[in-house]
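Each residue takes its place number in the sequence, starting with 1.
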Amino acid sequence: MKQSKKILTFLCSFSECLFFGGLTYGWVALVFILKDRGFFSDECDEDTTVAPLLNESDDSCGSVVNSTEISCPGQDGKLQVVFTVAAFTINATAFIIGPIYDKYGTRLVRIVFSVFLALAFILLALSDPEKPNILFPATMFLSSGGIMILLSNIQVGNLFGRWRSTIVTAFSGAFDSSAFVMLLVKIGYDGGVSMQTSFIILAVATLGFNLNTWIFLPVKHIPWPLPSDWGKPTKVDEETKEKPPEQEEMKVYGESEKVNGSHVDKTDDKNSSQSQLHDLLEREYPNLRTCFISPMYLLLLLWLSVIQLRHWFFLGTFNPWINGMSCDKSEVSKYTSAFASVQFCGILFAPLCGLILDRNRKKKTSTGRDASERTFLDDLEDSILAFVVTIIITLLFCVMIIVPILEVQYVTFVLQVLSRAFLYGLAAAFIATAFPMQYFGALYGSGMILTAVFGLLQWPLFQITQSVSGGDPLAVNIFVLVLNFVPFLLPLYIHFYVKKKRVAISQQNGTADPLSPTVT
């Protein structure tokens, strides 16, 4: 494939993630509009009360706070249910669509998410206070379409060789940062642009997906390892024209490379090392079940679940936590806005993790072999630093939360966004590296749903904070800090796994170098 086409494919895919991927995470901006327009306001008839913004007996305030606001628990509860359903739909969709993506390929998934997002925007445009329940299907379509964008575009990293992990994490960062689109909708609403107009514009914009779907991306998958002749059309003779469509596609994208990357032409010297990398993975994980029950995958889920729990608990208790350190409503608003602004920086932070993963792609391996002779064991070894850095950042984030100084929390915000940007991008890049590419969708989707279930523990932690600790999250924050040492098990396991495999390979081949690669 020409370099120009690779770049255009990247730009289109990146733009899709940035403008349409994680719109559900822009809920804070959207809910402002919904409440202002009176969605679910009928729930306020009997439940409306006047409630203090802060507890008058709160010693941390130093003085009584007299500010009050009209509270409508019924309306807030309904809107919270809408968001909860939408958030869970993200993980559920990843679980369901993963195997479909693996079996049927890119184009089908992209057609589905194009329809879903168009429906989501149309339903949001049609919604009004008289028909508030339209929000449920609208936000579910929005969540499903968004995660499918990320899932189908991650493979674009395969086009960029040693920059593969950097591209994958950049897409993840764009997905996180896409919440700003809802902020733009809110700004437009404040400036007189109706909510209906904004969402109709977004619905029309989904037509742009066709460019990537039908021109740049393949029908099935972009293989990994990527053969040198992939995407380059070859001379087609009369015999080839009569071949079935699937065989014809294989001819166009490289005769020796199956669409799912199942084998590479070993007569090509450059691809022989890629074949070796792939064969090692195939022998280690011959089927999907072996991936699911492998210690590598289970420890990855543990690493992801524990760190994600820290982030979910932080986001869920952010407002009472920041209120506990300040009685000034304008100051609380300032810090809330500051955190929302820092969240957009995920697009800048996420590629840093990819750079750590890809730092040795053009260097000799730790065993002295050329970069062209890398195997997946070398990639696993390079991932150790990225996992350790992510854990250390998260631990610093956990420590800073405990510090009862408001000004210090700017550092907390940066560490939280940095940790979260590393977390999901690294998980996706590692699954794409450590396991056969044809199982990526199933492994990624299953991981999303399983870690989401673990993340529900943030609710009992919140209840403990309220009922046992009297609203003070200190004890729970210390517990979560200690819990976040557990993820160190993953990089430790990877280290010993790589060492053990290399020794076993050397004994099998009868080589003097215990770290030499296998010969296939």
What pair of heavy atoms forms the shortest contact from [X] to [Y], and how long is it?
X: L423; Y: H311; result: CD2-CD2, 4.0 Å
X: I90; Y: I147; result: O-CG2, 3.7 Å
X: L474; Y: I402; result: CD1-CG2, 3.4 Å
X: S178; Y: G21; result: OG-C, 3.6 Å
X: K186; Y: I33; result: CA-CD1, 3.7 Å

Query raised in the report: In terms of the angle between their ring planes, are F387 and F430 parallel, tilted or perpendicular, with boundaries placed at 30° and 60°?
Result: perpendicular
Would you mind writing out the side-chain donor-acceptor pairs for residues 439-447 within the sub-3.5 Å range, not counting sequence neighbours?
| from | atom 1 | to | atom 2 | distance (Å) |
| --- | --- | --- | --- | --- |
| Y439 | OH | P286 | O | 3.3 |
| S446 | OG | A442 | O | 2.8 |

Report task. Could you check L34 against M195 for side chain to side chain contact (heavy atoms under 4.5 Å, CB included), going step by step and ending with a plain yes or no? Result -> CA-CA 9 Å; L34 298 177; M195 173 177 155; 3.9 Å; yes
Query - Aromatic ring proximity, centroids under 6.0 angstrom, F10 and F171 - result: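 When the ring centroids of F171 and F10 are compared, they turn out to be within the sub-6.0 Å range.
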**Report entry** Within the 6.0 Å centroid threshold, strictly below: F292 and Y297
**Finding:**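 Yes, ring centres under 6.0 Å apart.
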Report task. Step by step, work out the side chain to side chain contact (heavy atoms under 4.5 Å, CB included) result for F175 and I154. Result -> CA-CA 11 Å; F175 180 86; I154 280 177; over 6 Å; no
Atom [atom1] of residue position [X] - does it have more than 12 heavy atoms of other residues, nucleotides or ligands inside 6.0 Å?
X: Y410; atom1: OH; value: yes
X: M148; atom1: CE; value: yes
X: F349; atom1: CZ; value: yes

**Report entry** Under 3.5 Å: donor-acceptor pair, side chain of S143, backbone of A86
**Finding:** yes
Query raised in the report: Does the N210 side chain pair with the main chain of L207, one donor and one acceptor, at a distance under 3.5 Å?
Result: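 Checking the backbone N and O of L207 against the side chain of N210, a donor-acceptor pair under 3.5 Å is found.
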Which donor-acceptor pairs under 3.5 Å do side chains of residues 109-127 form with protein atoms, sequence neighbours excluded?
| from | atom 1 | to | atom 2 | distance (Å) |
| --- | --- | --- | --- | --- |
| R110 | NE | T213 | OG1 | 2.8 |
| R110 | NH1 | E16 | OE1 | 3.1 |
| R110 | NH1 | N153 | OD1 | 3.2 |
| R110 | NH2 | E16 | OE1 | 3.2 |
| R110 | NH2 | E16 | OE2 | 2.6 |
| R110 | NH2 | F209 | O | 3.4 |
| R110 | NH2 | T213 | OG1 | 3.4 |
| S114 | OG | R110 | O | 2.8 |
| S127 | OG | L124 | O | 2.7 |

Query raised in the report: Hey, which of T412, I393, L481, N477 is the one that makes side chain to side chain contact (heavy atoms under 4.5 Å, CB included) with C398?
Result: L481
**Report entry** Nearest-0.5 Å distance that lies between atom CG in L418 and atom OG1 in T394
**Finding:**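 Between atom CG of L418 and atom OG1 of T394 there are 8.5 Å.
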